[in-house]
Every structure is written in C-alpha cells, then in structure tokens.
K.L.:
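Provided herewith is a single structure, encoded as structure tokens, for subsequent inquiry.
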Amino acid sequence: METSRSPEETIPLISLRRADEAVGVVALIVIVFSILWGVVSRYVFPQPAAWT
C-alpha cells in the first residue's frame, strides 16, 4: 500500500524553495522578542525602550 506524497513534503528543510518561509519565521521571532522586550523594559527598568 503506497501513499503518494505532496511536493511540499519532499522538499528538504534547507532549500531555496523554503526561503520565503524562513524569512517569515525570522520576522515573526523578531517581532515577538521586540514586544517582549518592550513589556519587560516598561515594568523592570525606569526608562522603557522607546524603539519598541
């Protein structure tokens, strides 16, 4: 019993075809850490981070 795989499942994790997904993941991680740093700096330090 063979199962057919879609083309997305056969693409290796490190590939130029997945470059747009990698950029999106990195951008999402940067945004999450930026917001987290803004919250931490607001409540912990006397001068919050203005760039967030």
Side-chain angles (χ1 to χ4, degrees):
M1 194 173 197
E2 290 186 31
T3 58
S4 62
R5 293 185 175 181
S6 66
E8 290 82 18
E9 293 179 5
T10 59
I11 299 172
L13 288 177
I14 300 175
S15 172
L16 289 177
R17 298 175 108 185
R18 292 185 180 253
D20 58 340
E21 293 177 13
V23 170
V25 167
V26 169
L28 182 64
I29 290 171
V30 168
I31 290 170
V32 167
F33 280 115
S34 172
I35 292 171
L36 181 65
W37 176 250
V39 170
V40 168
S41 69
R42 183 178 302 130
Y43 291 109
V44 174
F45 301 115
Q47 181 69 29
W51 56 271
T52 57

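Positions are given from 1, in the same order as the sequence printed here.
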K.L.:
Out of Val26, Val25, Ile31, which one pairs with Ile29 under the side-chain contact (heavy atoms from CB on, under 4.5 Å) rule?
P.N.:
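When Val26, Val25, Ile31 are each tested with Ile29, the side-chain contact (heavy atoms from CB on, under 4.5 Å) holds only for Val25.
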K.L.:
With a 3.5 Å distance limit and no angle check, can you tell me whether Ser41 reaches the backbone of Trp37 through a side-chain donor-acceptor pair?
P.N.:
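Yes; at least one donor-acceptor contact below 3.5 Å.
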K.L.:
Name all residues meeting the ring pair (Phe, Tyr, Trp, His ring centres under 6.0 Å) criterion together with Tyr43; count only those two or more places apart in sequence or in a different chain, and write none if there are none.
P.N.:
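Per chain and number, Tyr43 pairs via ring pair (Phe, Tyr, Trp, His ring centres under 6.0 Å) with no residue.
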